[in-house]
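See structure below.
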Amino acid sequence: MDLTMSIVIIGGLGVLFGGLLAYAAKRFAVEEDPRVEVVTDLLPGANCGACGLAGCSSAAEKIVAGEIPVDSCIPGGKKVADSICEVLGIESVASGGRKVAEIHCLGTKDVAPDKFDYQGVRDCKAAMMYSGGFKACAYGCLGLGTCVEACPFEALSMGANGLPQVDTEKCTGCGVCAKACPRNVIHIELADRKAKYIPCNSKASGKVVRQACEVGCIGCRACVKACPNEAVTVENNLAVINREKCTDCGKCVEACKRGIIKDVGTVLVLK
Amino acid sequence: MHLLAIIFVAILSNNIVLSQFLGICPYLGVTKRIDTSVGMGMAVIFVMTMAAIVTWVLDLFLLQPFGLEFLRTIAFILVIAGLVQLVEMILKKTNPALFRALGIYLPLITTNCTILGVALLNVQSGHNIIETVVYSIATGIGFTLAMVIMAGIRERLELVNMSNYLKGAAVTLVSAGILSLAFMGFKGMVTL
């Protein structure tokens, strides 16, 4: 008796709920654009938020609906944009060129001293709240690793010298670290180009930089004069090399009195 | 008074997570941020109440008349899983805003032991239907309370400078233990 009743009741419940679910699946079916799922699969799936949306699936919805451009995915780059275009049946519009994060600071503790001893919360944004950061230079990296924490791809690590280092293999150029950095030390730049760059972020005048840092750009314009291609300009006391014009000749490196002009893509490890 | 006592016991002195050790998985898994823990808590209150009512009715009209109380656990699992699935479909169609708000938490708690635990506790302690509803909602609130407190602690722990060997799981479990210890202070204040 017990056995048969058990079988009947549990079996009956199973059949009842199975039937109910089958009916509900039809009755309450929500029509979804099948392309959304395909596009979601094409996106990297890291949910990094570089496109400005909550995650890859919401980005896919917006892309299919045409609310944001097909090349909105920065980590995916041209490859992903092209395959999305193929799915949606539209012509490719994406521009090429892989971008990665670049740390624009060489100021380790030895060469860029602190102005006071900071013992607060180990977070750059928190440190900025105490009289604008503990470093004598108001533009350089604080080295507390807020960018390392922010990186969704584990491409950043804190080097032994107290500056973050970019693993260019893993970096997708999504720019999450650049947004997280309270001092805007991280720039997102074209990676696959042979050129020079100046890893300094200081817009202070030459005199102030000299006092605060041994490896900061003082805006002396020696590199501007040395460059045969007019690729270097000084804006706000900081020399900037135009990557389109730079031919990687190296004349500016020789001219720079502070020796801070580096090759693009080199991992910067100071002694 | 009796209902007030049930509420007090369910939320504080016999908290489902911190005293009965049910639902530890979402307690540790979804408490990284306060908003996700609130979302999870709301979904749990919703599903817990609904599941408790349905299983209570099922127990009274189907299992007890045939003397099949020993089938409670398996029958309740079946009913709760089917019910959550059904509600999810209906919500998706009729109330997309609520569906998005509950989001992934709905299917996540289908097989959560707090839901099954409360359904079983209700019939085992012989609650009537009003007590069942009150107890389920109060337990859900107790769960949410524990989740939000834990999420608040963990959000602060993120910014603390601590030894490497304590970081992550270790410090989370230590703070969960201390929190449970604090809730033990409510023990015996009200008895049912």
Side-chain angles (χ1 to χ4, degrees), chain A residues 1-32 36 47 49 53-58 61 117-130 134 142-146 148-150 152 157-158 180 182, chain B residues 32-33 35-36 39 51 54-55 57-101 103-104 107 110 155-164 166-168:
Chain A
M1 177 59 192
D2 260 7
L3 184 67
T4 32
M5 271 325 285
S6 317
I7 293 170
V8 167
I9 286 187
I10 294 293
L13 278 175
V15 171
L16 178 75
F17 272 100
L20 257 176
L21 286 181
Y23 172 73
K26 273 223 156 74
R27 174 78 178 73
F28 296 105
V30 178
E31 277 174 39
E32 272 171 2
V36 173
N47 298 321
L53 294 163
C56 291
S57 55
S58 50
E61 266 171 44
D117 188 21
Y118 173 76
Q119 298 200 330
V121 173
R122 310 302 290 169
D123 180 270
C124 301
K125 282 175 184 164
M128 278 297 280
M129 289 176 197
Y130 292 95
F134 51 82
L142 291 171
L144 296 178
T146 297
V148 177
E149 295 284 325
S157 57
M158 195 44 81
Chain B
K32 278 220 167 130
R33 286 173 49 208
D35 14 327
T36 56
V54 173
T55 50
V57 172
L58 178 91
D59 188 71
L60 186 69
F61 293 107
L62 206 60
L63 298 183
Q64 278 177 21
F66 296 103
L68 293 175
E69 283 88 350
F70 64 92
L71 279 180
R72 270 176 186 158
T73 307
I74 189 145
F76 285 8
I77 291 174
L78 186 70
V79 170
I80 292 169
L83 190 72
V84 173
Q85 196 70 45
L86 193 68
V87 167
E88 202 193 343
M89 281 179 194
I90 296 173
L91 270 188
K92 201 174 180 185
K93 181 77 174 178
T94 57
N95 196 342
L98 184 63
F99 177 77
R100 262 200 296 279
I104 52 155
T110 310
E155 276 190 1
R156 278 168 180 72
L157 282 177
E158 283 283 299
L159 298 173
V160 175
N161 187 20
M162 69 177 108
S163 316
N164 271 333
L166 256 179
K167 269 184 190 162

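Order of the sequence lines fixes the chain letters, A, B, ..., with proteins taken first and strands second; residue numbering starts at 1 for each chain.
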If you round to the nearest 0.5 Å, how far is CZ of A:F28 from CG of B:L86? 7.5 Å
I'd like to know which of A:G120, A:G14, A:A25 tops the heavy-atom pair count under 4.5 Å against chain B. A:A25
Which atoms of A:I9 are under 4.5 Å from chain B, going by heavy atoms: the side chain, the backbone, both sets, or neither? side chain
Quick check on the interface: out of B:L83, B:L63, B:L78, who has the most heavy-atom pairs with chain A under 4.5 Å? B:L78
Toward chain A, the part of B:L68 with a non-hydrogen atom under 4.5 Å: side chain
Side chains of B:L157 and B:M162 in contact at under 4.5 Å (non-hydrogen atoms): yes
Check: A:L142 and A:Y118 side chains under 4.5 Å, non-hydrogen atoms: no
Other residues, nucleotides, ligands: >12 heavy atoms within 6.0 Å of A:Y130 OH: no
Option in B:L71, B:I74, B:T94 with maximal non-hydrogen atom pairs under 4.5 Å from chain A: B:L71
How many angstroms lie between atom CD of B:Q64 and atom CG of B:L58, to the nearest 0.5 angstrom? 10.0 Å
